[in-house]
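Numbering of residues begins at 1 and proceeds along the displayed sequence.
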Amino acid sequence: MKQQFHDNETLKHEGPMSSSRLIRQRIWDRLKDVAEADTRLHLDFSEVIPDFERSDAATDRIVAQDAFRNSRLAFVTPDNSMTGLRRRMIEAGIPFVMSTYNIRRGFLYLEPGVVPEGAALYASWLDGMEHFARPVSLEDIAALGRFDFAATGASAVTTE
């Protein structure tokens, strides 16, 4: 059975653990304090990357990059922390590919002009992507050309 949300003291008594796993667990424990709740999802951060307080500031930093402004095609993950970025891409008319929340279901492609005025926020959510974007295969993605940038949510990253 998978254990969830250990405190550091519990982790010390579980036996040998990779430093990557230990770092992830420490981050997940702290993430509970800033994660934005989504009633459809649980808080098992090994399976879900939530939105977080001030994610709008992180989005602003991405949008300020030349890679964003000059992008003709991007890849963005379905993580809740990427909703604001997806909304800004829709508003900027940047087409993008998104993996579905369950990668076995495939990929979605959202073209500029598909989302009606005023619906960018809804379209940036997973439900909206299912409504406005079209499913695409790997072959379809290859035909679109190269991605100018990719963005993904993350809860903990190490160099291991």
Side-chain angles (χ1 to χ4, degrees), residues 2 4-5 23-159:
K2 187 187 328 183
Q4 300 175 1
F5 308 124
I23 289 167
R24 278 193 300 274
Q25 193 59 56
R26 285 181 181 161
I27 295 296
W28 293 339
D29 288 343
R30 293 180 67 193
L31 189 54
K32 289 185 290 186
D33 296 332
V34 297
E36 303 239 337
D38 182 328
T39 57
R40 298 170 299 169
L41 304 172
H42 48 76
L43 292 178
D44 178 353
F45 300 131
S46 68
E47 296 178 4
V48 173
I49 298 177
D51 199 1
F52 55 91
E53 293 174 11
R54 299 200 26 83
S55 65
D56 56 332
T59 297
D60 288 343
R61 286 193 299 274
I62 294 170
V63 169
Q65 300 295 313
D66 287 338
F68 178 89
R69 289 192 302 270
N70 299 326
S71 180
R72 289 173 289 137
L73 180 64
F75 179 85
V76 182
T77 59
D79 305 316
N80 283 0
S81 59
M82 296 285 101
T83 301
L85 180 61
R86 290 190 299 268
R87 179 182 56 81
R88 301 279 290 271
M89 293 174 74
I90 293 165
E91 292 169 347
I94 299 172
F96 63 92
V97 172
M98 183 184 87
S99 56
T100 59
Y101 60 88
N102 179 338
I103 193 70
R104 291 181 298 253
R105 293 184 58 209
F107 299 90
L108 298 171
Y109 174 59
L110 189 66
E111 301 173 72
V114 172
V115 177
E117 180 102 16
L121 178 60
Y122 171 66
S124 68
W125 295 336
L126 300 181
D127 294 342
M129 285 294 295
E130 293 279 340
H131 179 80
F132 291 110
R134 66 178 167 89
V136 290
S137 67
L138 290 175
E139 292 81 17
D140 295 331
I141 294 170
L144 292 172
R146 71 174 186 83
F147 294 121
D148 294 311
F149 82 92
T152 181
S155 59
V157 179
T158 69
T159 58

Subject >> side chain to side chain donor-acceptor pair (under 3.5 Å) involving Arg69 - partner list, sequence neighbours excluded >> reply: Asp66
**OP:** Could you give me the CA-CA distance, side-chain angles and deciding distance for Val76 and Met89, then say whether side chain to side chain contact (heavy atoms under 4.5 Å, CB included) is met?
**Re:** CA-CA 10 Å; Val76 182; Met89 293 174 74; 3.4 Å; yes
Original post:
Can you name the nearest heavy-atom pair linking Leu108 to Ala133, along with the distance?
Top reply: CB-CB, 3.7 Å
Original post:
How close do Leu85 and Ala151 get, heavy atom to heavy atom, and via which atoms?
Top reply: CD2-CB, 3.4 Å
Original post:
Do Phe147 and Ser71 have side chains that get closer than 4.5 Å, going by heavy atoms?
Top reply: no
**OP:** State the OG1-CE distance between Thr100 and Met129, to the nearest 0.5 angstrom.
**Re:** 10.0 Å
Original post:
Does a donor on one side chain sit under 3.5 Å from an acceptor on the other, for Asp79 and Thr77?
Top reply: yes
Subject >> Residues that Ala92 engages under side chain to side chain contact (heavy atoms under 4.5 Å, CB included), provided they are two or more places apart >> reply: Phe68, Ile94
**OP:** With sequence neighbours excluded, give me every side-chain hydrogen bond (donor to acceptor under 3.5 Å, both in side chains) pair touching residues 88-98.
**Re:** Asp60-Arg88, Arg87-Glu91
Original post:
What heavy-atom pair brings Ala120 and Val115 nearest, and what distance separates the two atoms?
Top reply: N-CG1, 3.9 Å
**OP:** Answer yes or no: is there a side-chain heavy-atom contact under 4.5 Å between Phe96 and Arg86?
**Re:** yes
Subject >> Minimal non-hydrogen separation, Pro112 against Gly93, with atom names >> reply: CG-O, 3.2 Å
**OP:** Write out all pairs satisfying salt bridge (Lys or Arg N to Asp or Glu O under 4.0 Å) with one or both partners inside residues 106-124, taking only residues at least two apart or from two chains.
**Re:** Glu111-Arg134
Original post:
Is there a side-chain contact between Met82 and Thr152 (heavy atoms, below 4.5 Å)?
Top reply: no
Original post:
Quick one: which of Asp140, Val114, Leu144, Ile141 gives a side chain to side chain contact (heavy atoms under 4.5 Å, CB included) with Tyr109?
Top reply: Leu144
**OP:** To the nearest 0.5 Å, tell me how far Phe75 CZ sits from Ser99 OG.
**Re:** 4.0 Å
Original post:
Checking Asp148 side chain against Ala74 main chain: does a donor-acceptor pair fall under 3.5 Å?
Top reply: no
Subject >> Partner set under side chain to side chain contact (heavy atoms under 4.5 Å, CB included) for Ala142, not counting sequence neighbours >> reply: none
**OP:** May I ask you to check whether Thr83 and Asn80 show a side-chain donor-acceptor distance below 3.5 Å?
**Re:** no
Original post:
Excluding sequence neighbours, so at least two apart, what forms side chain to side chain contact (heavy atoms under 4.5 Å, CB included) with Ala67?
Top reply: Phe149
